[in-house]
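Inspection log for the structure reproduced underneath, given as structure tokens.
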Amino acid sequence: MGDEAAAVVVAVNGERYKAVGADPSMTLLEFLRTRTPFRGPKLGCGEGGCGACAVVVSKYDAAADEVTAFPASSCLTLLGSLHHCAVTTSEGIGNSRDGFHPVQRRLAGFHASQCGFCSPGMCVSIFSALANADNKASTSPPPPGFSRLTAADAERAVSGNLCRCTGYRPILDACKSFAADVDLEDLGLNSFWKKGGRADVTKLPAYSCTAAVATFPEFLKSEIRSSGGAPAVAVTGDGGWFHPRSIEEFHRLFDCNLFDEMSVRIVASNTGSGVYKDQDLHDKYINISRIPELSAINRSSNGVEIGAAVSISKAIEILLSDDGDTVVFRKIADHLGKVASPFVRNTATIGGNIIMAQRMSFPSDIATVLLAAGSTVTIQQVASKRMCLTLEEFLKQPPCDSRTLLISISIPNWDSDDGITFETFRAAPRPFGNAVSYVNSAFLAKSSVDAASGSHLIEDVCLAFGAFGSEHAIRASKVEEFLKGKLVSAPVILEAVRLLKGVISPAQGTTHPEYRVSLAISYLFRFLSSLANGLDDKPANANNVPNGSCTTNGTTNGSAESTVNSSDLSIKSRQEMVFSDEYKPVGKPIKKVGAELQASGEAVYVDDIPAPKDCLYGAFIYSTHPHAHIKGVKFRSSLASQKVITLITAKDIPTGGENVGSCFPMLGDEALFADPVAEFAGQNIGVVIAETQKYAHMAAKQAVIEYSTENLQPPILTVEDAVQHNSYFQVPPFLAPKPIGDFNQAMSEADHKIIDGEVKLGSQYYFYMETQTALAIPDEDNCIIVYCSAQMPEVTQDIVARCLGVPFHNVRIITRRVGGGFGGKAMKATHVATACAVAAFKLRRPVRMYLDRKTDMIMAGGRHPMKAKYSVGFKSDGKITALHLDLKINAGISPEFSPAMPYAIVGALKKYNWGALALDIKVCKTNVSSKSAMRAPGDAQGSFIAEAIVEQVASALAVATNTIRRKNLHDFESLKVFFGDSAGEASTYSLVTIFDKLASMPEYQRRAAMVEHFNGSNRWKKRGISCVPITYAVTLRPSPGKVSILNDGSIAVEVGGVEIGQGLWTKVKQMTAFALGQLCDDGGEGLLDKVRVIQADTLSVIQGGWTAGSTTSETSCEAVRKSCAALVERLKPIKEKAGTLPWKSLIAQASMASVKLTEHAYWTPDRTFTSYLNYGAAISEVEVDVLTGATTILRSDLVYDCGQSLNPAVDLGQVEGAFVQGVGFFTNEEYATNADGLVIHDGTWTYKIPTVDTIPKQFNVELINTARHHSRVLSSKASGEPPLLLASSVHCAMREAIRAARREFATVGGGTGGSEVTSFQMDVPATMPVVKELCGLDVVERYLESFSATTTQ
């Protein structure tokens, strides 16, 4: 049954590794991170859904002397399947010792790396795209310095990679810089040429399409050739892997009683484990990918037969090849290109996808598309003959067992038939794929054109639908039978649609069932209307008939300006900013510190620190009940439970310690472990300890928790429940927002009133790329060192010490860098650090935890959901006189940051002059995970609530919303009334100027007119445009800074803040060089390379405070400037005495003179200036597909007042990244829970953050420099959080587009056309189902009824 080898042999970055004793279930990612020195590939999701773990896998065919290389998800790829393969990580592409690759250097130079955790995966994806393009020797060579990659290919190169920091635009520019068809002048801000200077490829890091990185070493080729050509079969561990060479061998394996069906796992690529997670360890694997018949490809005049083990990418290649070039094949290939991500498609097999659809009800696009194309499958069971079944027959069979082998899929050739029309559709949140469909469908019809009517007569038809909540893809047979022999017309389509409603029946529990039914109807309508003549009565646009096309998010051609599908538009951008030399190098757009290290994967994060000797690993066990006694924890009998070393619970907290996991200063504690009652679903019960992180995660799944609800009240899960039970947290008086004016008096002066306005906002998950992680190492004398990914190391130190019952000085917290935070690494990080510390303290061994994505999402809490009700009074001219806001905030089980939320919410709400403002805000205590601060906490919701109110006022008065916005912006006098001292000076109030710059210019009026014209010319696509202003108050906090000059002149800097991707280290480095530059002839620019900012250490720099609130960079810079000022005073006498003196010599003389060369300062803000206001505005234009609810952001123009920017490149990145994160919150990110409050959108399969294909197609940013202010740090302003609020402009533009759609269909098919057409509640997030529902779930039926009635009159 195949040869046997002692262990798997692989080459990693050209080095030979032998995986002796590796667990059979070990993934390539685990192997790379624990058995090699390479840490570039990261664990981001464990599902193949983020790209952080991407590597290049290379295989060698000795017979053909050919190497095949492709990117793959190392988190899904099993090591046992890679014998004699080569793996190239980001470090293998380029590194600091051997030289960085042009991809890495360009990523750094285009400012495309912030936290950096995703950067190695991005690097691998771009590198692979370049290699793939440049291997196409059939195309002409590109110009020097460029690749054969096209700009369109560049946009898709990273379509499977997630980034939460940058907003993707700079990543795209870095990738596009290799494309020969790109105009370099169109690329964004970079460090290779000055803004406005001449763009030239010679200024970029040199790239040659012929100088490829060798991904397969010669020694491995020799080993393969010496073994007889084919890679030897390896059996890892104790007989764990079996590699049958034939179908007969596969069946004989089951006859030899080596294992039972439950203990063995049959794999070809293992990508299915990203969907259906292993619930236990496996010790036996059968690898079927080496059975030649399963990889065979047979072509004939009848079609193509594709082996079941052929990858999806290879299947696409086959279908697009010259000898398989048919319309049907091309459209199938195009649709398959939207399945999963590139690095998953490269390994996932087409047969595996269909087997999952048949056996596990997987919502497969492939099964649906192949079903419509009339495909057949060949299967074989043990001791049975082969059977050839139609795909429909196969899907209808009972779920097949593991002994049933799918051998091949045959797709017929339809091009020999005349009159064939084939279309496929899918509705998903991401146009380029990497998202499961709400509904997918494919239709094939044979028809002829009726000469008299011009419509098609349907002779035969196949209508396939999937993913709508059925067990598998189905054919709508009743509809097919009805359509056969029919001439396509409105009445025929209407009857077909009515029949279809009886066929598409989502199973109970399916989310958005009405939406899915409506989608299926929309797709059938699109397809059939393309076969009808004269169905639409809008002659202004020939493309208005909803022609079916294989689109990802259901959009179709329908633009009056262009026939290009809006979702396929290329992404363009423009950045405008002013640079200053006044404080150089401060103010210069220098690239981020360590960006190349981040791109190469050499930057060290907490989980990259080599494991200490005897290190153990932990994983949380959490409650799934919202309010219950924990009676006990047991482990079910399994392979994974055998790996449990111990379980750490509240009982293991040392005597004298407290059960505390987090504590927001002055606001209250939260327990580390549930004891004895679990108070919310997702609460930590204990930590399973095992010898590896995988063992710990798998063992935690084996836990069986015994609950009891005896003598406990039912849980309070909603704000409505909290109100009923009077369950609130108190807001301290100093945090309570104050009312303004006399509400009753102001309300009585209003000409109009809205009494019952309401809007709801959901939660949002942080989705930092690096999940919560910590490493605790016990030290002597009851001391402990904890390396953790935390935004608040000082608070973490306090909590760990309190929990262990030791003095604070016994606890040392070290944080070098954080792989994304956004507030989620503040309070929530302390739970992980403290749990690790308790375990390490008890076991006297190092303990490490790295949460899997599901656990992280369940425990994170996220942004505060809330329900706002309001009453507003206003004059007939739109001037608002009074507002009463009734707000219920769901805080969760502990106060955490929540008592500070009302102040932040009202602060952002006050961007408008409401006249009088009355408030009734309740912070509700509920039995759900504590909500926490998330980027722009409270402000994001408050600013949006203000827009919802203004839009309803505009609707009530039937005027443009911008008229109401402009009418109610503050003048400086009212600004002082609403904001007090934070208003600052009149010269710094720039909001009116910014808003007028955007909304009152002729350009905006022209675009608004074009939107109106478009909407008048298109029935099934509608556009909207909106301009939203923002005001954001930030607070300055005390901050420490320590500067030390070493004897060689190099400079070490420590600050209290933590580098989380916001460019803290970069700005601090610039400030250090500027402040010490008085001692240098060049003003300090030469010092930049001498400065190193080192990690945060709570025993080195105390009173570090928080990295939060957007002001950490500026306050850290001011503390460093203060330290440097003291050093300059000490060094000046030596400098003045010596005259011109090189820096190194100056320091040498100072050292000889015993001058103190270190200074620790603690900066505190002026008591008269502790906060200030930030201003900005954004115009967004969107296009909504009325039939699917899909939204494309056509353009966003952001103007943000950045003050005198400390680093325009860093601030630009913050503005763009915050905006895109805000787009996710307002439009697409559903952080859903079940009836018990347990998060169920707990991974990349169900939770969708923005991707490269969902950002604005035209993304313009202007940073303006306003009047100077001596109390701000060099007149700079914050940039990290305020721009997130600008994303509400997208939501507002969507509302305008929806309003246009509602007007279009207001009186169609029995519509009333009442006031609800223009005034409607649109909550957050406005996902595709929400948008479609607001446009109308029944618009197709209503339109067809109306059209049919009109044509019969």
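Heavy atoms only: backbone and side chains are in, while hydrogens, waters and symmetry mates are out. Keep in mind that this is a model prediction, so the values were computed, not measured.
- Between the side chains of D1323 and Q1321, at least one donor-acceptor pair of N or O atoms lies under 3.5 Å.
- Between L1064 atom CG and T1112 atom OG1 the span is 7.0 Å, to the nearest 0.5 Å.
- Between T796 and T830, the side chains place no donor N or O within less than 3.5 Å of an acceptor N or O (distance only, hydrogens not considered).
- The side-chain heavy atoms of N1234 and V1239, taken from C-beta on, include no pair separated by under 4.5 Å.
- No more than 12 heavy atoms of other residues, nucleotides or ligands sit less than 6.0 Å from atom CD1 of I1102.
- Remark: side-chain polar atoms of Q1095 are not paired, donor with acceptor, to backbone N or O of V1058 under 3.5 angstrom.
- At most 12 non-hydrogen atoms from other residues, nucleotides or ligands lie less than 6.0 angstrom from OH of Y903.
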| field | Check against side-chain contact (heavy atoms from CB on, under 4.5 Å), L919 and K738 | value | CA-CA 8 Å; L919 304 164; K738 303 295 188 293; over 6 Å; no
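- Between N1228 and T1327, the side chains place no donor N or O within less than 3.5 Å of an acceptor N or O (distance only, hydrogens not considered).
- Once rounded to the nearest 0.5 Å, the distance linking OG1 of T771 with NZ of K828 reads 15.0 Å.
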| message | One pair to check against side-chain contact (heavy atoms from CB on, under 4.5 Å): V1324 and F1225. What are the steps and the verdict? | response | CA-CA 7 Å; V1324 173; F1225 171 54; 3.8 Å; yes
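- In this structure, the side chains of M901 and V923 stay at 4.5 Å or more apart for every pair of heavy atoms.
- Judged purely by atom type and a 3.5 angstrom limit, D886 has no side-chain atom pairing as donor or acceptor with the backbone of Y870.
- Ion pairing of E720 with K760 is absent here, as no side-chain N (NZ or NE/NH1/NH2) approaches a carboxylate O to less than 4.0 Å.
- For D1166 (side chain) and T1168 (main-chain N/O), a donor-acceptor pair under 3.5 Å exists by modelled atom type.
- For the pair R853 and F767, the cation-pi criterion (under 6.0 Å, within 45° of the ring axis) is fulfilled.
- At most 12 non-hydrogen atoms from other residues, nucleotides or ligands lie less than 6.0 angstrom from NZ of K631.
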| task | Would you please test K888 and M866 for side-chain contact (heavy atoms from CB on, under 4.5 Å) and show each step? | result | CA-CA 6 Å; K888 305 294 186 294; M866 59 189 65; over 6 Å; no
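- At least one donor-acceptor pair closer than 3.5 Å links the side chain of E770 to the backbone N or O of G819.
- The side-chain heavy atoms of I705 and I621, taken from C-beta on, include a pair separated by under 4.5 Å.
- Side-chain contact between T1115 and W1163 is present, with at least one heavy-atom pair separated by less than 4.5 Å.
- For the 3.5 Å distance criterion, the side chains of K911 and S943 qualify, holding a donor opposite an acceptor.
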| task | List the steps and the verdict of ring pair (Phe, Tyr, Trp, His ring centres under 6.0 Å) for H884 and F743. | result | CA-CA 7 Å; H884 181 277; F743 172 77; 5.6 Å; yes
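- A donor atom on one side chain and an acceptor atom on the other are not found under 3.5 Å apart for H864 and S763.
- In this structure, L717 CG and N927 CG are separated by 6.0 Å, a value rounded to the nearest 0.5 Å.
- The backbone N or O of C788 lies less than 3.5 Å from a partner atom in the side chain of T815, making a donor-acceptor pair.
- With S1116 contributing its side chain and S1113 its backbone, the two residues share no donor-acceptor pair below 3.5 Å.
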| message | For a side-chain hydrogen bond (donor to acceptor under 3.5 Å, both in side chains) check, start with the C-alpha distance between S1171 and S982, then their side-chain angles and the critical distance, and finish with the verdict. | response | CA-CA 5 Å; S1171 67; S982 296; 2.4 Å; yes
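- Note that the OG atom of S929 and the CZ atom of F680 stand 4.5 Å from one another [nearest 0.5 Å].
- A donor and an acceptor atom, one from each side chain of E670 and S930, are located under 3.5 Å apart.
- Looking at D721 and S727, their side chains never come closer than 4.5 Å, going by heavy atoms from C-beta outward.
- Judged by a 6.0 Å distance limit and a 45° cone about the ring axis, K910 is positioned over the six-membered ring of F979.
- Summarising the local packing, CG of D981 is surrounded by 12 or fewer heavy atoms from other residues, nucleotides or ligands at distances under 6.0 Å.
- The side-chain tip of K825 points at the ring of Y768 from less than 6.0 angstrom away and within 45° of straight on.
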| request: Go through R802 and E658 one step at a time and tell me if the salt bridge (Lys or Arg N to Asp or Glu O under 4.0 Å) criterion holds. | output: CA-CA 6 Å; R802 284 177 57 194; E658 304 173 48; 2.8 Å; yes
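- Two residues are said to be in side-chain contact when any heavy atoms from C-beta on lie closer than 4.5 Å; L1238 and I858 meet this criterion.
- With Q791 contributing its side chain and T1107 its backbone, the two residues share a donor-acceptor pair below 3.5 Å.
- Ring-plane geometry between F673 and F620 is classed as perpendicular, the angle between the planes exceeding 60 degrees on a 0 to 90 degree scale with a lower cut at 30.
- For the pair V928/T718, no side-chain contact is recorded, criterion being any heavy-atom separation below 4.5 Å from C-beta on.
- Using a 3.5 Å distance cut-off with no hydrogens or angles, the side chains of S623 and Q683 do not pair a donor with an acceptor.
- Using modelled atom types and a 3.5 Å distance limit, the side chains of E1229 and Y765 yield no donor-acceptor pair.
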| query | Passes ring pair (Phe, Tyr, Trp, His ring centres under 6.0 Å), Y766 versus F822? Steps please. | reply | CA-CA 6 Å; Y766 307 97; F822 319 113; 7.8 Å; no
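- Ring orientation note: the planes of Y707 and H625 are tilted relative to one another, at an angle of 30° to 60°.
- Taking the ring centre of Y605 as origin, the terminal cationic atom of R817 falls inside the region bounded by 6.0 Å and 45° from the ring axis.
- Heavy atoms of other residues, nucleotides or ligands lying less than 6.0 angstrom from NZ of K925 number 12 at most.
- For the atom pair CD of E794 and CD1 of I813, the computed distance is 11.0 Å after rounding to the nearest 0.5 Å.
- Remark: L1284 CG to R935 CZ distance equals 6.5 Å, nearest 0.5 Å.
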| Would E706 and I630 satisfy side-chain contact (heavy atoms from CB on, under 4.5 Å), going step by step from the backbone distance to the final call? | CA-CA 6 Å; E706 183 183 353; I630 304 299; over 6 Å; no
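- The side-chain heavy atoms of S1110 and S1279, taken from C-beta on, include no pair separated by under 4.5 Å.
- Side-chain contact check for S789 and T773: no donor-acceptor pair (N or O, by modelled atom type) lies under 3.5 Å.
- When only modelled atom types and interatomic distance are considered, Q1214 and Q114 share a side-chain donor-acceptor pair under 3.5 Å.
- Under the 30°/60° scheme for interplanar angles, the aromatic rings of W914 and Y912 are found to stand perpendicular.
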| Hey, mind stepping through D856 and K854 against salt bridge (Lys or Arg N to Asp or Glu O under 4.0 Å) and telling me if it holds? | CA-CA 5 Å; D856 194 286; K854 177 176 180 175; over 6 Å; no
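- Ion pairing of D920 with K869 is absent here, as no side-chain N (NZ or NE/NH1/NH2) approaches a carboxylate O to less than 4.0 Å.
- The residues R848 and D607 are annotated as salt-bridged, a charged nitrogen and a carboxylate oxygen being separated by less than 4.0 angstrom.
- Side-chain atoms of T1170 never come within 3.5 Å of backbone atoms of R1167 as a donor-acceptor pair (strictly under, hydrogens ignored).
- Other residues, nucleotides and ligands contribute more than 12 heavy atoms inside 6.0 Å of the CD atom of E758.
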